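Remember, it's 1-based here, ligands and their atoms both numbered in the order they're listed. Source: prediction; values computed, not measured. Residues: numbered from 1 along the sequence shown.
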Amino acid sequence: MTIDGVAASGKSSVSSGVARALGIPYLSSGLLYRAATLFALEDHADLSDQGAVLAALGTHPVRLEPLAEGNRVWQNGRDLTPELHSTRVDHGVSAIAVLPGVRAWVNEQLRQVPPPFVAEGRDMGTNVFPHAGAKFYLTASPRVRARRRAQERPEDVDAIEAALIRRDDLDRVQSAPAADAVVIDTGPLDLDGVIGKVLAGVQRHRAGQ
Ligand SMILES: Nc1ncnc2c1ncn2[C@@H]1O[C@H](COP(=O)(O)OP(=O)(O)O)[C@@H](O)[C@H]1O
Ligand SMILES: Nc1ccn([C@H]2C[C@H](O)[C@@H](COP(=O)(O)OP(=O)(O)O)O2)c(=O)n1
């Protein structure tokens, strides 16, 4: 199954809850885009130069560890995860995510994982796993998302909201919901409420309704 949506709409938290309820792993595609961004930044690559970015990726084999309580990304023995949610990665990741070679690098890693799993990101239901059993797309207003993210970032809500709107715009091309996705506005719901809606949708799907 797939859970896509805009930035900070709750994809990782909801995927983790749903995956735990179903007893299957979840895969965070965004973490791989974030790892690619970290490598490019550390190699001082020009983020718009696909050749330079792919050269940086070529020297950094990574492993996505699909833990249900929260995915981690490893480079040999180095756990990259804490650095992947830094403000510098937030700011650079959309430039990296438009590069077709980077998208192929991410998708190849995702497609190696044997199902069943919950895949979350932007284009899981449209491009990477178009034949997924059940598809969901999470939204919420920029203000709601910024307030939530402000709990985890040092910046104030206004700065976070402006950065989210900018990233929504830059990510627009790959962020369209699948035609067969169930769209959930998470604004009025708490986390358990969203997880409950997704699980109910999965049950309906299994029952063939
Ligand atoms: N429905 C919700 N109600 C309140 N807080 C939420 C809800 N969904 C997610 N959050 C919180 O919002 C923040 C962003 O969620 P996250 O799962 O990281 O989103 P994404 O993976 O889409 O970026 C986290 O702090 C998370 O705990
Ligand atoms: N399937 C995906 C997943 C993420 N991306 C890009 C777009 C996002 O700005 C970044 C980071 O995504 P991630 O889901 O980790 O983070 P946010 O929820 O957007 O804060 O990666 C993408 O282009 N395609």
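At a cut-off of 3.5 Å, with distance as the only test, a side-chain donor of S12 or E120 sits close to an acceptor on the other residue. In this structure, a donor-acceptor pair under 3.5 Å is absent between the side chains of R206 and Q203. Side-chain contact annotation: Y33 with R103, donor-acceptor N/O pair under 3.5 Å present.
Residue contact check: A8 has heavy atoms under 4.0 Å from atoms 19 (O), 20 (P), 22 (O), 23 (O) of ligand 1. In the vicinity of S12, heavy-atom distances shorter than 4.0 Å reach the ligand 1 atoms 17 (O), 20 (P), 21 (O). Taking a cut-off of under 4.0 Å to the non-hydrogen atoms of D190, the atoms of ligand 1 that pass are 1 (N), 2 (C), 3 (N).
Of the protein's heavy atoms, L191 CD1, 3.6 Å lies nearest to atom 8 (N) of ligand 1. Nearest protein neighbour of atom 1 (N) of ligand 1, counting heavy atoms only, is L189 O, 2.9 Å. The shortest contact between atom 20 (P) of ligand 1 and any protein heavy atom is with K11 N, 3.5 Å. Here the heavy atom of the protein found nearest to atom 23 (O) of ligand 1 is R149 NH2, 2.9 Å. If you check which protein heavy atom lies closest to atom 9 (C) of ligand 1, you get G10 CA, 3.7 Å. Looking from atom 27 (O) of ligand 1 to the surrounding protein, the closest heavy atom is S13 OG, 3.9 Å. Protein heavy atom in closest approach to atom 10 (N) of ligand 1: R148 CD, 3.8 Å.
Relative orientation of the F129 and F117 rings is perpendicular, given thresholds of 30° and 60° on the angle between their planes.
Within 4.0 Å of ligand 2, protein heavy atoms belong to A7, A8, K11, S29, G30, Y33, R34, V93, S94, A97, R103, G121, R122, D123, M124, R149, R167, D171, Q174, listed by chain and number.
Taking a 4.0 Å cut-off on heavy atoms, E152 registers as neighbouring ligand 1. The closest approach between any non-hydrogen atom of S9 and ligand 1 is below 4.0 Å.
The side-chain hydrogen bond (donor to acceptor under 3.5 Å, both in side chains) test with R145 singles out one residue from D168, T186, T139, and that residue is D168. The only option from D180, T126, T2 that meets the side-chain hydrogen bond (donor to acceptor under 3.5 Å, both in side chains) definition with K135 turns out to be D180. Considering N71, V118, L110 in turn, N71 is the only one that fulfils the side-chain contact (heavy atoms from CB on, under 4.5 Å) rule with S28.
Here the CG-CG distance, from L38 to L31, works out to 11.5 Å after rounding to the nearest 0.5 Å. With values rounded to the nearest 0.5 angstrom, F39 atom CZ is found 7.5 Å from L57 atom CG.
Geometrically, ligand 1 and V194 share no nitrogen or oxygen pair separated by less than 3.5 Å.
Using a 4.0 Å cut-off between charged nitrogen and carboxylate oxygen, R20 and E69 do not count as a salt-bridge pair. Between E42 and R78, at least one side-chain nitrogen of the basic residue sits less than 4.0 Å from a carboxylate oxygen of the acidic one, meeting the salt-bridge criterion. Between R166 and D169, none of the side-chain N atoms (NZ, or NE/NH1/NH2) sits under 4.0 Å from a carboxylate O, so this pair counts as no salt bridge.
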